[in-house]
Amino acid sequence: GAVVSQHPSWVICKSGTSVKIECRSLDFQATTMFWYRQFPKQSLMLMATSNEGSKATYEQGVEKDKFLINHASLTLSTLTVTSAHPEDSSFYICSARRTVQETQYFGPGTRLLVL
Amino acid sequence: DQQVKQNSPSLSVQEGRISILNCDYTNSMFDYFLWYKKYPAEGPTFLISISSIKDKNEDGRFTVFLNKSAKHLSLHIVPSQPGDSAVYFCAASIPNTGNQFYFGTGTSLTVIP
């Protein structure tokens with residue numbers, strides 16, 4: 001099957017620090033990776049779409065300077081939450097897609113708590 | 001603007017009975033629909049999908065029905081099992097837009113043993 005991993009699975013950090021979350025497709029090459037955020041009892045909200053080797057496309061309302069996305073290879077995308085604040089505390093989930101015709105495969109998510 | 005809606009935040013069903021989860025959408029451009037199952041603190045896992053050229057797709061205990069004229073889809077689980085207890089999200093996508101998925105707000109299903 002298509003397996004997507006995320007690291008770390010959860011992280012606690014102080015306000016003002018930066019946190020990097022990795023998303024890896026373990027057994028396939030992902031042409032596109034997506035980053036979502038989910039607040040408690042709410043839907044998954046797409047933050048950005050990244051294609052390998054190009055700049056990420058951010059959804060309206062998502063600050064690209066705050067949420068830095070790097071899709072350096074076909075198996076790795078990173079999301080860096082810069083100068084994190086308590087309101088950034090959330091569950092961040094990535095997904096990866098092999099081809100346009102296929103569905104997205106989701107990672108297990110990363111829970112971020114900013115103190 | 002929530003283009004995909006799941007109006008029932010929760011549903012309880014007795015084990016062995018049928019679970020019916022509903023989803024409505026507003027954008028007629030959507031042509032591919034999916035259901036995902038999500039346990040707490042885990043990422044969603046793909047369950048079943050349907051394209052707009054079909055009105056039904058079945059996979060084991062799971063069947064998805066699509067009514068394009070009503071812009072409505074539903075997921076039927078029969079027979080329901082306690083392990084089916086999870087949050088179910090429906091999602092929709094538009095062709096040639098990078099396959100962005102629009103998710104509903106989810107329905108929490110509890111199957112009572």
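- The candidate from Pro9(B), Ala91(B), Gly104(B), Ser108(B) with the greatest count of non-hydrogen atom pairs under 4.5 Å with chain A is Gly104(B).
- Around NE2 of His85(A), the count of heavy atoms belonging to other residues, nucleotides or ligands within 6.0 Å exceeds 12.
- Interface summary for chain B: among Gly107(A), Ser9(A), Pro108(A), the most heavy-atom pairs under 4.5 angstrom belong to Pro108(A).
- Applying a 4.5 Å heavy-atom cutoff, none of the residues of residues 49-87 of chain B approach chain A.
- Residues Tyr102(B) and Val62(A) do not share a hydrophobic cluster, clusters being chains of Ile/Leu/Val/Met/Phe/Trp/Tyr side chains in contact below 4.5 Å.
- Interface remark: Glu59(A) contributes side-chain atoms only to the contact with chain B (heavy atom separation under 4.5 Å).
- Note on Val19(A): it clusters hydrophobically with Tyr58(A), by side-chain heavy-atom contacts below 4.5 Å among ILVMFWY residues.
- Of the two parts of Tyr39(B), neither the backbone nor the side chain holds a non-hydrogen atom closer than 4.5 Å to a non-hydrogen atom of chain A.
- At a threshold of 4.5 Å between side-chain heavy atoms, the hydrophobic network of Ile, Leu, Val, Met, Phe, Trp and Tyr places Met45(A) and Val114(A) in two separate groups.
- Contact annotation: the side chain of Glu42(B) never approaches that of Phe91(A) to less than 4.5 Å [non-hydrogen atoms, C-beta and beyond].
- Interface remark: Leu44(A) contributes backbone and side-chain atoms alike to the contact with chain B (heavy atom separation under 4.5 Å).
- Taken together through direct or relayed side-chain contacts under 4.5 Å among Ile, Leu, Val, Met, Phe, Trp and Tyr, Phe67(A) and Leu46(A) form parts of separate hydrophobic clusters.
- Shown here for Gln38(A) and Phe89(B), the closest heavy-atom pair between the two residues is NE2-CZ, 3.4 Å.
- Ring orientation note: the planes of Phe103(B) and Tyr36(A) are nearly perpendicular, at an angle over 60° on the 30°/60° scale.
- A ring-centre distance under 6.0 Å is found for Phe106(A) and Tyr36(B).
- With hydrophobic clusters built from ILVMFWY side chains whose heavy atoms lie under 4.5 angstrom apart, Val81(A) does not share a cluster with Leu68(A).
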